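Below you'll find the structure, written out as structure tokens, and then a few comments.
Because only heavy atoms are used, hydrogens play no part in the values below, and waters and symmetry mates are left out as well, while side chains stay in. Computed from a prediction, not measured in an experiment: that's the story for all the values here. Just so we're on the same page: letters track the sequence lines, and every chain starts at 1.
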There are 2 protein chains.
Amino acid sequence: MPSTHRDVAPGPRPTSRDVARAAGVSQATVSLVLGGKWQGRVSPRTAAAVREAATDLGYRPNLAARDLRLGSTRTALLVVPALTSEFFGNVYAGAVAVAAEHGFGLVLYPSPQGVGTARNPFESTRGALDGVIASSMAADALREIRGSFPGGQALPLVMLDSAPPTAPGDPGHREPDAPAPAARDTTATVNHDLADGMRQVVGHLTGLGHRRITHLGAAIDSWTFRVRSRTFRESMATVPDAVPGSEPADLSVGGGQTAARRALTGPGPRPTALVCDDDTIAAGACKAVRRLGLSVPGDVSVTGFDDLSLATALDPELTTVRLPAQQLGAHGMRALLDLLAGSFTERPPLPVTLAVRDSTAPAPRR
Amino acid sequence: MPSTHRDVAPGPRPTSRDVARAAGVSQATVSLVLGGKWQGRVSPRTAAAVREAATDLGYRPNLAARDLRLGSTRTALLVVPALTSEFFGNVYAGAVAVAAEHGFGLVLYPSPQGVGTARNPFESTRGALDGVIASSMAADALREIRGSFPGGQALPLVMLDSAPPTAPGDPGHREPDAPAPAARDTTATVNHDLADGMRQVVGHLTGLGHRRITHLGAAIDSWTFRVRSRTFRESMATVPDAVPGSEPADLSVGGGQTAARRALTGPGPRPTALVCDDDTIAAGACKAVRRLGLSVPGDVSVTGFDDLSLATALDPELTTVRLPAQQLGAHGMRALLDLLAGSFTERPPLPVTLAVRDSTAPAPRR
DNA sequence: CTGTTAGCGCTTTCAT
DNA sequence: ATGAAAGCGCTAACAG
């Protein structure tokens, strides 16, 4: 008894031809309908029939074939310094959501130091790319990325927290990370308003009476941290009697601890507040404070950046600048889409807020 | 002046035909040589010529075309509960390294709760897959994954810390997560030796004189946490005078804090040690201890699982079970490769070690 | 040893 | 309003 059920198709994946056959039309019609461009070219009745046949068979287009035909892969690459931080997890989540809405795929490349991965992102990458999004990358890593792409400069690139905004009418001085003018139309930047965040930190601290404040800056040569340093100096300069200090710190708990110890035990009067470039450094700073027999925030106030879950895991909970990483990713993907459509316009940086918790308190009197 | 430089090819990506032309051979020969299967079919001289032409032009094969032709994509999907934890960052790093060695791609799917992502991993996935690796997934999520794949049961699946090992000759009792026999040959498991980890924790604590020990177990129905609970009970049962307790905890700092408060303020004598299913819960537990005016480890010892960077960010640093997440990923990818090659054999679980730090101390006397 | 050929599944003119 | 046919870049039979 040869059974030829039509709706329970076993065997391999159905193709658009199978759908066509099932709907009694041609492959071209199927493509039109399923591609959403059948308005006024295919009768509503046949369109419906095609769609029914498609769902019936559980048809899913073969991406490889489509990509081959179209030349474009509708895929972007997200380059991050390390996957290990929840910050980048959030950036990814934001970006991938927007990508999905527009039928784009997003593949991850955890950059340089990521253990065991190929040095060149494009070697490790499957197929071709329509663009790349780079988040919080160091200046040289970024250069390397652009350079290493075969046919380089043409690839649309959006940088997240990685470069100053491309000022439309700004002549003269150019920051080291600023994209070369030639690449202007294939490059976009999306940033958190880090300067404002730092200003809020300094305002909060000076408002509490702190004057001797030391900045524990991440020892990484990238825009995202340079802004913090510069704004810290500028903000402190506006406060009478302010005594700013600064200590470079490795981007880790241990790094923060070491830097904080240096800051706290150096010559001159001891700072009453430590402003850290990141929550991890802040965690180290808190440890250092206690190792010296001092207390947070009684003797020394400590602040961070990011507002990772680490911030509330610490005790006391960390006062920190909350960066909407997910939004950053989402805006980044949107910017890339705009770039691809040739319609990108720079937007203002993403606003950030200061989450005031228990690691900051009024400066100890004398 | 029409210039026709051959070695500085501008314009679009070179194809294998371009390489063929440049090397003065046919496309087929190029494919053979670059595919590495020319032994005894192409003369070494021509092979060399082809390779030179290829590098010369900066040729990179078009993956879409290759995939279309081969039907297979050499791509695996890694499903993780959330990208936000560095644990999964490490799993990914380990897996992607092995994948790259074998010319495989690895795409990430941060599962269910991940904001804004499609519910079905295969909808969000570009192109076809050769297999999937699922890490530390809850039982139902795992079921859903298998079910949702079009043509389901056939897809090779390796589960990391997600199910008991497939005991070759084990009849009778089957755990709820155990793969159905039908799927046996397309399913593999790779696990940390979590039971041993828990045994080490209990041994360490009872060695320090603790008897009233409460387990703060993650409130998630998955194998990885069930093993911890069961082993905790079993281990405690072997210790005379031991008074085991247990409290479910949400997998977060807040969850740990709440659970610990319940454990510490409940009726009966207060536990002197809290065994947590994960470092995050442990962080919350430490906070709870202090909120009650007690100290870690003076009054209450606390232990975790994972050994994330959080463990040393805390103060005092956390005694915790170190799980080699990166190895887990690597072994997982290898297992998938073996499955694909039809030559998988179950291996013993990955050994874990107890990192003894400052959050555990001898039990307070009386 | 090397070249010719066919075809993977899809989109897109161009006819009808 | 629909169908026929070509071709994206690659690999694998099959000839020579």
Could you tell me the separation between the [atom1] atom of [X] and the [atom2] atom of [N], rounded to a whole number of Å?
X	N	atom1	atom2	value
A:Arg74	D:dC8	CZ	P	22 Å
B:Leu34	D:dA12	CG	C1'	16 Å
A:Trp38	D:dA1	CH2	P	10 Å
A:Arg45	D:dT2	CZ	C1'	14 Å
B:Arg66	D:dA12	CZ	C1'	13 Å
A:Asp18	C:dC10	CG	P	9 Å
A:Leu32	C:dT13	CG	P	11 Å
B:Leu68	D:dG7	CG	C1'	12 Å

Result for 5'-nearest mapping on DNA chain C, choosing between B:Pro44 and B:Arg69, is B:Pro44

Return the 5'-most residue of the pair B:Val25, A:Arg17 with respect to DNA chain C, ranking by each residue's nearest nucleotide. B:Val25

Kindly give the heavy-atom pair with the smallest separation between A:Ala23 and A:Val50, and that separation in Å. CB-CA, 4.0 Å

Give me the atom names and distance for the closest heavy-atom approach of B:Leu336 to B:Pro156. CD1-CB, 3.9 Å

Heavy atoms from C-beta onward define the side chain here; which of [options] lies closest to that of [X]?
X	options	result
B:Pro61	C:dT2, C:dC10, D:dC10	D:dC10
B:Leu70	D:dC10, C:dT12, D:dA12	D:dA12
A:Arg41	D:dT2, C:dT2, C:dT12	D:dT2

Within the pair [X] and [N], is there a side-chain N or O less than 4.0 Å away from OP1 or OP2?
X	N	value
B:Thr15	D:dC8	no
A:Thr29	D:dG3	yes
B:Ser26	C:dT4	no
A:Thr46	D:dT2	yes

Nearest heavy atom decides the nucleotide; on that basis, is A:Gln27 or A:Val42 closer to the 5' end of DNA chain D? A:Val42

Taking any heavy-atom pair under 4.0 Å as a contact, classify A:Gly35: base, sugar-phosphate, or nothing. nothing

With sugar-phosphate meaning primed atoms plus P, OP1 and OP2, does A:Ser31 contact a base, only sugar-phosphate, or nothing at under 4.0 Å between heavy atoms? base

Among B:Val190, B:Val91, B:Leu328, B:Thr189, find the one that has a side-chain contact (heavy atoms from CB on, under 4.5 Å) with B:Asp161. B:Leu328

Whether B:Asp18 side chain and B:Thr15 backbone form a donor-acceptor pair below 3.5 Å: yes

When you measure from the side chain of B:Ser162 to the backbone N and O of B:Met137, does any donor-acceptor pair fall under 3.5 Å? yes

